[in-house]
Asker: 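Dumping the structure here so I can ask a few things about it.
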There are 2 protein chains.
Amino acid sequence: MGVRQAQKQQSRRALLDAGLHLLEHQNLSGLGVREVTRAAGMSPAGFYRHFRDLAELGVVLVEESLASLHGLIRGALAEQGEAAELIDRTVELIAGHVREHRAYVRFLARERHGGVQPVRAAIAAELARFADEVAEALGAQSESAGWSAADVRMLAELYVDHMVATAVAFLDADGPATEERIAGTARTQLRLISVGRRHWRDV
Amino acid sequence: MGVRQAQKQQSRRALLDAGLHLLEHQNLSGLGVREVTRAAGMSPAGFYRHFRDLAELGVVLVEESLASLHGLIRGALAEQGEAAELIDRTVELIAGHVREHRAYVRFLARERHGGVQPVRAAIAAELARFADEVAEALGAQSESAGWSAADVRMLAELYVDHMVATAVAFLDADGPATEERIAGTARTQLRLISVGRRHWRDV
DNA sequence: TCATTCAGTAAACAACTGTTTGCTGACTCG
DNA sequence: CGAGTCAGCAAACAGTTGTTTACTGAATGA
């Protein structure tokens with residue numbers, strides 16, 4: 001890639017970073033083009049060399065956010081071991097992810113039901129793909145013998161929803177103490193679901 | 001109440017209604033004072049006779065939203081009967097509530113993690129109070145014998161989170177078919193949790 | 001009845017906003 | 001080298017914004 005392209009990419013990155021930073025305390029629908037370019041050290045007109053809209057910038061941020069989340073899910077599904085310790089590790093994985101990608105997670109939580117339709121649609125589509133992935137992994141496990149595809153799918157959705165809810169809860173933790181309380185709650189809830197799963201066919 | 005006060009209340013209502021209506025397709029942080037007064041048929045300056053801020057208006061909307069949700073929870077907890085049919089009725093209750101209070105539910109979903117801190121805090125506080133209420137009701141049930149207070153509390157949080165997630169899912173339903181699919185998923189998930197609850201102490 | 005209160009107004013304020021325009025100057029490539 | 005590309009800029013556009021000001025006129029209550 002030439003110097004020209006590299007410089008352009010750098011500016012684009014600056015815009016995305018400035019946007020992500022501003023969105024930590026603000027909604028996408030309340031963000032302004034001038035605000036972003038100012039924070040990125042660029043003139044307002046420059047923005048349009050990279051994005052048509054702020055919505056377009058938002059969609060790119062969604063893709064980046066969910067790419068990182070994707071890694072998290074892959075990691076959690078790849079784990080092996082006893083159910084209890086698997087749960088512990090999953091929750092710790094989520095906590096770590098939130099610590100490292102705080103801005104992305106906050107952005108996702110804020111815009112998942114936010115006022116910008118294309119962004120909302122992008123998030124919903126990606127989360128649905130995650131549920132597919134989790135469903136596939138669950139279906140391959142021995143505990144799912146005798147489960148219908150629909151039931152596996154709803155279990156996957158329950159897990160994804162719970163993961164998102166837990167991540168969002170971690171966001172608002174104001175110290176290690178509350179963080180541990182949230183982790184404890186999440187673990188117990190996962191354990192409850194796991195018990196339900198084990199006795200699913202005894203009804 | 002005198003004619004004077006009644007007229008003032010009416011204007012206030014008009015502002016709240018206009019705000020709620022505009023917030024169906026928009027974020028609170030993207031809303032403008034002028035926009036609201038225009039929709040309410042009032043001059044911009046009139047707004048300040050009723051609210052200091054748009055955030056203040058938002059907090060009032062939160063209180064109204066959660067007052068209606070409160071009725072829903074009371075209703076669900078008061079239900080009696082077999083677990084399976086109880087679940088069916090609860091999910092139907094949620095679906096009905098979303099149909100009747102669509103704008104309020106959308107507003108809650110949007111601002112729960114939105115960019116306006118006081119509104120976010122108000123929602124979080126009210127949801128925590130709901131969890132308290134649910135926890136109390138659960139603790140009084142015979143199925144909770146031998147459960148620690150902390151475990152009952154986490155179960156209550158799981159139920160509240162799930163209720164909110166289900167309500168939000170209903171919002172995006174684009175027809176009776178998807179609505180029924182969402183209801184089905186919610187029912188199965190609740191059934192799974194209920195199975196887990198029944199076998200909680202067998203671990 | 002008549003002074004007082006006060007919800008709502010119109011007008012003005014300075015400070016923004018998104019977007020387009022023509023331009024410049026550094027990179028690209030034949 | 002020299003023509004062409006194109007990222008970023010300054011300036012201008014016509015609107016919009018939140019908030020304050022002094023005001024009006026209907027409801028109030030002695």
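Numbers restart at 1 for each chain; the letters A, B, ... are given by sequence-line order, proteins then strands.
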Asker: Looking only at the side chains, is there a donor atom on one of Q141(A) and R197(A) sitting less than 3.5 Å from an acceptor on the other?
Answerer: yes
Asker: Roughly, in whole Å, what's the span from NZ in K8(B) to C1' in dA26(D)?
Answerer: 15 Å
Asker: Can you tell me how far P of dG8(C) sits from CZ of R12(B), to the nearest Å?
Answerer: 12 Å
Asker: May I have the distance from E35(A) (atom CD) to dT17(C) (atom C1'), rounded to whole angstrom?
Answerer: 11 Å
Asker: Determine: side-chain N/O of Y48(B) to OP1/OP2 of dT19(D), distance under 4.0 Å, yes or no.
Answerer: yes
Asker: Identify which nucleotide among dT20(C), dA7(D), dA10(C) has an atom closest to any side-chain atom of S43(B), counting heavy atoms from C-beta outward.
Answerer: dA10(C)
Asker: I'd like to know if R4(A) reaches the base of dC6(D) with its side chain such that a donor and an acceptor end up less than 3.5 angstrom apart.
Answerer: yes
Asker: Report the residue (G2(B) or R34(B)) whose heavy-atom-nearest nucleotide on DNA chain D is the more 5′ of the two.
Answerer: R34(B)
Asker: Between F47(B) (CZ) and dT17(D) (P), how many Å, whole number?
Answerer: 14 Å
Asker: Please confirm whether the shortest side-chain N or O distance from R38(B) to OP1 or OP2 of dT17(D) is below 4.0 Å.
Answerer: yes
Asker: R13(B) CZ to dA7(C) P: how many Å, rounded?
Answerer: 18 Å
Asker: Between D53(A) and R49(B), which has a closest nucleotide on DNA chain C that is more 5'?
Answerer: R49(B)
Asker: Output yes when E79(B) and R89(B) qualify as a salt bridge under the 4.0 Å nitrogen-oxygen rule, no when they do not.
Answerer: yes
Asker: Is Q7(A) close enough to dA26(C) that one of its side-chain N or O atoms is under 4.0 Å from OP1 or OP2 there?
Answerer: no
Asker: Which whole-number value in Å describes the distance from Q10(B) CD to dA27(D) C1'?
Answerer: 15 Å
Asker: More than 12 foreign heavy atoms under 6.0 Å from CD of E136(A): is that the case here?
Answerer: no
Asker: Could you state the CE-C1' distance from M42(B) to dA10(C), rounded to the nearest angstrom?
Answerer: 15 Å
Asker: Would the distance check show the side chain of E111(A) and the main-chain N or O of L28(A) forming a donor-acceptor pair, the cut-off being under 3.5 Å?
Answerer: yes
Asker: How many whole angstroms separate atom CZ of F51(A) from atom P of dG18(C)?
Answerer: 15 Å
Asker: For Q117(B), does the CD atom sit with more than 12 other heavy atoms under 6.0 Å from it, leaving out its own atoms?
Answerer: yes
Asker: Both atom distances under 3.5 Å, Watson-Crick or G-U wobble: I'd like the secondary structure of DNA chain C as a dot-bracket string, with | for pairs made across strands.
Answerer: ||||||||||||.||||.||||||||||||
Asker: State whether E24(B) and R110(B) are salt-bridged, where the test is any N-O pair (Lys NZ or Arg NE/NH1/NH2 against Asp/Glu carboxylate O) under 4.0 Å.
Answerer: no
Asker: If we ignore hydrogens and angles and just use 3.5 Å, is the side chain of Q189(B) paired with the main-chain N or O of M154(A) as donor and acceptor?
Answerer: yes
Asker: On DNA chain D, compare the nucleotides closest to G41(A) and Q5(B); which residue's is nearer the 5' end?
Answerer: G41(A)
